[in-house]
Chemist: 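Starting off with a structure, shown below.
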Amino acid sequence: MSLVIDLAAGLIFGIGLVISGMANPAKVLNFLDVAGSWDPSLAFVMLGAIAVTATGYHFVLRQPKPLVDPSFHLPVQSKIDRPLVIGSAIFGLGWGLFGFCPGPAITSLGLAATGTLVFVATMLIGILAAGLVRKRPSEIKEA
């Protein structure tokens, strides 16, 4: 049952990315180009996503547990540390250079465009490299 719900959620998310234009690198790059051909329409998409997510969290987190999982898996770390800043900078650099972030890139894989395939391949290499460099929680000691 969980797999079916995961698949449905992924499909809805992917359809939303395509309909909103987030899977179109040219539209994303125009959104980021505030000094040139700026297209502010993605700001409305982001504001809509925040509104939907906030409303969903409000209702879902009032439940004792998720429908198909024994517990919620929410981030517990709120500290801004070096790995977070470096990872955010790399994410922003990749988004600004290519107009893709991971969700839209994976959504666009079905088009088999060369740029998308290269982006996803390098993204996977980056994920693997980060996993090798990152310390395991048991190896991290409190200062």
Side-chain angles (χ1 to χ4, degrees), residues 1-63 65-140 143:
M1 183 65 172
S2 176
L3 186 61
V4 172
I5 292 174
D6 292 347
L7 180 62
L11 285 173
I12 292 169
F13 182 65
I15 290 169
L17 290 172
V18 171
I19 290 172
S20 68
M22 294 288 290
N24 179 353
K27 188 165 184 72
V28 172
L29 291 174
N30 281 336
F31 170 71
L32 298 173
D33 187 9
V34 293
S37 57
W38 188 49
D39 176 5
S41 63
L42 289 184
F44 296 106
V45 172
M46 292 178 192
L47 290 173
I50 290 170
V52 169
T53 301
T55 303
Y57 267 47
H58 175 75
F59 290 108
V60 169
L61 294 180
R62 289 178 176 220
Q63 306 304 312
K65 66 179 191 73
L67 291 175
V68 293
D69 200 284
S71 64
F72 290 106
H73 302 278
L74 301 171
V76 293
Q77 181 178 347
S78 60
K79 184 174 79 174
I80 298 174
D81 56 7
R82 189 170 49 170
L84 176 65
V85 171
I86 292 170
S88 300
I90 292 171
F91 176 90
L93 186 64
W95 200 42
L97 287 174
F98 301 103
F100 270 138
C101 60
I106 291 171
T107 299
S108 300
L109 272 177
L111 300 174
T114 304
T116 304
L117 296 174
V118 169
F119 181 89
V120 171
T122 55
M123 178 180 75
L124 293 174
I125 291 169
I127 290 170
L128 292 172
L132 293 174
V133 171
R134 187 176 180 182
K135 293 180 180 177
R136 294 186 179 144
S138 62
E139 297 173 352
I140 298 173

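We use all heavy atoms of the structure for the numbers below, so side chains are in, but hydrogens, waters and symmetry mates are not. Bear in mind that the values here come from a model prediction, so they are computed numbers and not experimental data.
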Chemist: Given Leu7, which partner from the list Ile5, Leu11, Leu3 fulfils the side-chain contact (heavy atoms from CB on, under 4.5 Å) test?
Modeler: Leu11
Chemist: Would you call Cys101 and Phe91 a side-chain contact if the rule is heavy atoms closer than 4.5 Å?
Modeler: yes
Chemist: Within a radius of less than 6.0 Å around CG of Leu61, do more than 12 heavy atoms belonging to other residues, nucleotides or ligands occur?
Modeler: yes
Chemist: To the nearest 0.5 angstrom, please state how far the CZ atom of Phe100 sits from the CG atom of Asn24.
Modeler: 8.0 Å
Chemist: Looking only at heavy atoms, what is the nearest atom pair of Met22 and Trp95, with distance?
Modeler: CE-CZ2, 4.4 Å
Chemist: Hey, could you give me the CD1/CE distance between Ile90 and Met123, rounded to the nearest 0.5 Å?
Modeler: 14.0 Å
Chemist: Answer yes or no: are there more than 12 heavy-atom neighbours, outside Leu47 itself, under 6.0 Å from its atom CG?
Modeler: yes
Chemist: Under a 3.5 Å distance rule, please check whether Ser88 uses its side chain to pair with a backbone N or O of Leu84 as donor and acceptor.
Modeler: yes
Chemist: Measure across Pro25 and Ala23 and return the closest heavy-atom pair with its distance rounded to 0.1 Å.
Modeler: CD-O, 3.3 Å
Chemist: Could you tell me whether the side chain of Ser37 and the main chain of Asn30 form a donor-acceptor pair under 3.5 Å?
Modeler: no
Chemist: Which distance, rounded to the nearest 0.5 Å, do you find between the CZ of Phe119 and the OG1 of Thr114?
Modeler: 15.0 Å
Chemist: Under 4.5 Å between any side-chain heavy atoms of Met46 and Phe31, yes or no?
Modeler: yes
Chemist: Taking only residues two or more places apart in sequence or in another chain, which ones pass side chain to side chain donor-acceptor pair (under 3.5 Å) with Arg62?
Modeler: His58
Chemist: So do the side chains of Val120 and Leu109 get within less than 4.5 Å of each other, counting heavy atoms only?
Modeler: yes
Chemist: So, Ser108 side chain and Ala105 main chain: donor-acceptor pair closer than 3.5 Å or not?
Modeler: no
Chemist: Show the nearest heavy-atom pair for residues Gly99 and Leu29, with the distance to one decimal.
Modeler: N-CD2, 3.6 Å
Chemist: To the closest 0.5 Å, what do you measure between CD1 (Ile127) and OG1 (Thr122)?
Modeler: 9.5 Å
Chemist: Go through the structure and list residues passing salt bridge (Lys or Arg N to Asp or Glu O under 4.0 Å) with Asp39, not counting sequence neighbours.
Modeler: Lys27
Chemist: Residues two or more places apart in sequence or in another chain: which of them pass side chain to side chain donor-acceptor pair (under 3.5 Å) with Gln77?
Modeler: Asp81
Chemist: Between Phe72 and Val60, is there a side-chain heavy-atom distance shorter than 4.5 Å?
Modeler: yes
